[in-house]
Amino acid sequence: LHLGPVWTVFGAALLAIGLSRRVVDLRWHAFALLALGTLRAGRPVFSQPDASAGAIAWLCLCIAVVYICSLITTRSYRSAIAAGEPRPTEDVAGNLLSAGATALLALLIVQEVRDSMVTLALGVHGLGLMVTGLLARERVMRLMGLALLGACILKLFVVDLRELEALARIFD
């Protein structure tokens, strides 16, 4: 149960060391460990119909660590560009980590939240991504938040409104 979170935290530590000492190989190992650790933490949640609260909490912790590491990676990328050493593949890796964390959290919401609250929970997730992207000046995070909000609006009109009664549609 704890192997995925350990891999994720170890990946975050490797990323910190790789960034501080400017060791490219450590950073790439960190990206792999962050991704594999988070996927491993999600296995007990997504493979069972009734996941334990502890497994969900560990997965949420891993997703939070991945978000933080992706923000740190993109900040480091900006600093490297300012110093004249571009690392475009690492920027892509940071963005992929962030997109993967977003997809996992959205999947967790869809699986674990009551059907009537899924759209609202995904909307809050998208809004949180947008606010974080605005505060951190991260374009990719803002775009992911917008995409999630767009998917929520589409789901609201295509699926959710169809399920309302006629009288409830009139008042909405």
Side-chain angles (χ1 to χ4, degrees), residues 1-21 23-78 87 89-115 117-149 151-152:
L1 181 66
H2 302 297
L3 186 60
V6 168
W7 286 357
T8 305
V9 170
F10 187 62
L14 276 181
L15 183 64
I17 294 168
L19 288 173
S20 67
R21 296 193 180 186
V23 179
V24 176
D25 290 340
L26 282 180
R27 292 191 301 255
W28 282 104
H29 282 62
F31 296 145
L33 276 173
L34 285 165
L36 292 173
T38 305
L39 289 173
R40 173 84 167 128
R43 195 173 81 180
V45 175
F46 298 121
S47 66
Q48 301 171 6
D50 244 357
S52 70
I56 293 171
W58 281 116
L59 177 59
C60 289
L61 173 74
C62 290
I63 289 171
V65 168
V66 168
Y67 272 132
I68 291 167
C69 288
S70 70
L71 287 172
I72 290 170
T73 300
T74 53
R75 289 272 180 212
S76 168
Y77 174 70
R78 285 191 196 140
R87 302 184 303 221
T89 54
E90 287 187 46
D91 183 43
V92 170
N95 292 335
L96 285 175
L97 280 176
S98 185
T102 300
L104 270 178
L105 188 54
L107 186 62
L108 179 66
I109 288 170
V110 168
Q111 180 174 331
E112 296 297 325
V113 174
R114 255 185 319 144
D115 290 340
M117 299 297 289
V118 167
T119 306
L120 179 65
L122 287 174
V124 169
H125 179 206
L127 190 62
L129 281 172
M130 283 192 51
V131 169
T132 304
L134 287 171
L135 293 176
R137 295 187 177 120
E138 292 297 330
R139 183 173 186 260
V140 171
M141 204 166 267
R142 290 190 308 263
L143 290 174
M144 285 188 302
L146 278 172
L148 203 51
L149 284 173
C152 287

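With His29 contributing its side chain and Asp25 its backbone, the two residues share a donor-acceptor pair below 3.5 Å. Gln111 contributes a side-chain N or O that, together with a main-chain N or O of Val45, makes up a donor-acceptor pair within less than 3.5 Å. For Thr102 (side chain) and Ser98 (main-chain N/O), a donor-acceptor pair under 3.5 Å exists by modelled atom type.
Taking the six-membered ring wherever Trp is involved, the centroid distance between the rings of Trp28 and Phe31 falls below 6.0 Å.
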Yes or no on side chain to side chain contact (heavy atoms under 4.5 Å, CB included) for Leu108 and Cys60, after CA distance, side-chain angles and deciding distance?
CA-CA 9 Å; Leu108 179 66; Cys60 289; 3.7 Å; yes
Quick one: do Leu34 and Leu14 satisfy side chain to side chain contact (heavy atoms under 4.5 Å, CB included)? Show the steps, please.
CA-CA 10 Å; Leu34 285 165; Leu14 276 181; over 6 Å; no
Show your working on side chain to side chain contact (heavy atoms under 4.5 Å, CB included) between Thr132 and Glu138 and close with a plain yes or no.
CA-CA 8 Å; Thr132 304; Glu138 292 297 330; over 6 Å; no
Let me see the working for Arg142 and Leu129 under side chain to side chain contact (heavy atoms under 4.5 Å, CB included), right down to the final yes or no.
CA-CA 6 Å; Arg142 290 190 308 263; Leu129 281 172; over 6 Å; no
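The two residues Thr74 and Asp91 have their closest heavy-atom pair at CG2-OD1, 3.6 Å. For the pair Gly18 and Leu26, the tightest heavy-atom approach, listed with the atom from each and the gap, is CA-CB, 3.9 Å.
Residue Tyr67 qualifies as enclosed at atom OH: its count of foreign heavy atoms under 6.0 Å is above 12.
Under the 4.5 Å side-chain criterion, counting only non-hydrogen atoms from C-beta, Leu33 is not in contact with Thr8.
Atom CG of Leu148 is separated from atom CD1 of Ile109 by 7.5 Å, given to the nearest 0.5 angstrom. Note that CD1 of Ile63 is 12.0 Å distant from CD1 of Ile68, once rounded to the nearest 0.5 Å.
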